[in-house]
Amino acid sequence: MVKSGGTTRTDGIYQAMRADILGGRLVPGARLKFPELSERYKVSVGATREALTKLAAEGLVTAKAHQGYLVRPLSHEDLADLTQARVEIESLVLKLSVLEGDVRWEADAIAAHHLLERTTYRDPADPNHPTDEWSAAHRAFHQALLAGCRNRRLLDTALALRQEAELYLQWSVSFGNEPDRDVPGEHRALLEAAVARDAGCAQELLRDHIAHTAQLLISCAPDEPNSAEAYNECTP
């Protein structure tokens with residue numbers, strides 16, 4: 001149920017739906033029907049419509065003729081395109097961020113990493129997906145690394161691509177479970193290169209970090225998951 005208080009009902013359902021999409025509770029390709037959403041979140045159809053419009057603008061929801069709103073469908077082809085765009089654009093933004101960021105930017109990146117390292121990755125009650133807290137801390141860390149870039153158009157584009165990529169982290173239960181991969185170590189290396197102002201190293205580390213995750217998902221996750229069964233059929 002969406003709580004009232006300091007936020008409007010529209011903001012409340014937007015935040016709740018966003019968390020459910022990024023948390024894998026609303027699965028890729030799922031139809032989002034106004035009556036069902038209104039009942040689920042205890043809000044009006046109007047507030048639901050406004051929230052879906054905001055989520056569509058972020059790329060988490062799509063609108064299709066004769067089908068209405070859907071959680072963004074995922075596919076190997078889309079992930080490959082998204083990865084190529086992120087490798088080029090996000091790594092460039094990180095390079096500029098390292099070159100242009102000030103001491104406050106450094107402090108924010110260090111603080112975000114500190115929180116990420118100390119946030120529980122998996123909830124025993126839902127071992128197939130990262131916790132909402134870890135996902136939020138992970139998102140905040142990468143955003144903090146990019147925040148030093150002074151070109152707002154490039155930064156906004158990179159953040160929008162990262163937003164879409166968040167869905168793919170929920171696509172495979174193997175993310176974070178690879179025996180030969182040290183994800184926390186990758187994050188530490190990114191931070192160290194950024195704080196050392198080694199823009200070239202940070203850029204290459206991020207390119208590898210993005211590409212490695214995409215390769216894992218393509219090799220493990222089913223193409224075009226559109227049901228809870230397909231969504232969870234890839235095991236570590």
*Asks:* Quick one: does Asp182's side chain get under 4.5 Å of Arg188's, heavy atoms only?
*Replies:* yes
*Asks:* Tell me whether the count of non-hydrogen atoms from other residues, nucleotides or ligands lying under 6.0 Å of CD in Glu39 goes above 12.
*Replies:* no
*Asks:* So, do Thr53 and Tyr69 sit near enough that their side-chain heavy atoms are less than 4.5 Å apart?
*Replies:* yes
*Asks:* In a check of side-chain contact (heavy atoms from CB on, under 4.5 Å) between Val61 and each of Ile21, Leu70, Leu26, which one passes?
*Replies:* Ile21
*Asks:* Name the orientation class of the two ring planes belonging to Trp134 and His138 (parallel below 30°, tilted from 30 to 60°, perpendicular beyond 60°).
*Replies:* parallel
*Asks:* My understanding is that only residues two or more places apart in sequence, or in another chain, count here; which of them pass side chain to side chain donor-acceptor pair (under 3.5 Å) with Arg72?
*Replies:* Asp78, Glu164
*Asks:* Classify the side-chain pair Thr213/Arg181 by whether it contains a donor and acceptor separated by less than 3.5 Å.
*Replies:* yes
*Asks:* Leu55 and side-chain contact (heavy atoms from CB on, under 4.5 Å): which partner among Leu60, Ile13, Val71?
*Replies:* Leu60
*Asks:* For the pair Glu90 and Arg207, find out whether any cationic side-chain nitrogen is under 4.0 Å from an anionic carboxylate oxygen.
*Replies:* no
*Asks:* Can you list the residues that meet the side chain to side chain donor-acceptor pair (under 3.5 Å) rule with Glu36, with sequence neighbours excluded?
*Replies:* none
*Asks:* Can you run down the side chain to side chain donor-acceptor pair (under 3.5 Å) pairs that involve residues 143-152, sequence neighbours left out, and say none if there aren't any?
*Replies:* none
*Asks:* Can you list the residues that meet the ring-ring contact (aromatic ring centres under 6.0 Å, His included) rule with His113, with sequence neighbours excluded?
*Replies:* Phe141
*Asks:* Kindly assign one of parallel, tilted or perpendicular to the pair His187 and His209, based on the angle between their ring planes and the thresholds 30° and 60°.
*Replies:* perpendicular
*Asks:* Verify the neighbour count for atom CZ of Arg118: are there more than 12 heavy atoms of other residues, nucleotides or ligands below 6.0 Å?
*Replies:* yes
*Asks:* Looking at residues at least two apart in the chain, or sitting in another chain, which of them share a side chain to side chain donor-acceptor pair (under 3.5 Å) with Glu133?
*Replies:* none
*Asks:* Find out whether Arg139 and Arg162 are in side-chain contact, i.e. whether some heavy atom of one side chain is under 4.5 Å from a heavy atom of the other.
*Replies:* no
*Asks:* Between atom CG of Leu145 and atom CH2 of Trp105, what is the distance when rounded to the nearest 0.5 Å?
*Replies:* 7.0 Å
*Asks:* Are Leu155 and Leu96 packed together at the side-chain level, in the sense that at least one heavy-atom pair is separated by less than 4.5 angstrom?
*Replies:* no
*Asks:* Is Glu50 close to Lys54 at the side-chain level, that is, under 4.5 Å between some pair of heavy atoms?
*Replies:* no
*Asks:* Which heavy atom in Leu146 sits nearest to a heavy atom in Ala158, and how many Å separate them?
*Replies:* CD1-CB, 4.3 Å
*Asks:* Is it the case that atom CD in Gln84 sees more than 12 heavy atoms from other parts of the structure closer than 6.0 Å?
*Replies:* no
*Asks:* Excluding sequence neighbours, so at least two apart, what forms side chain to side chain contact (heavy atoms under 4.5 Å, CB included) with Thr83?
*Replies:* Leu79, Val87, Ile210, Ala214
*Asks:* What I'd like to find out is whether the side chain of Arg197 reaches to under 4.5 Å of the side chain of Glu106, using heavy atoms alone.
*Replies:* yes
*Asks:* Any side-chain heavy atom of Pro73 within less than 4.5 Å of one from Thr62?
*Replies:* yes
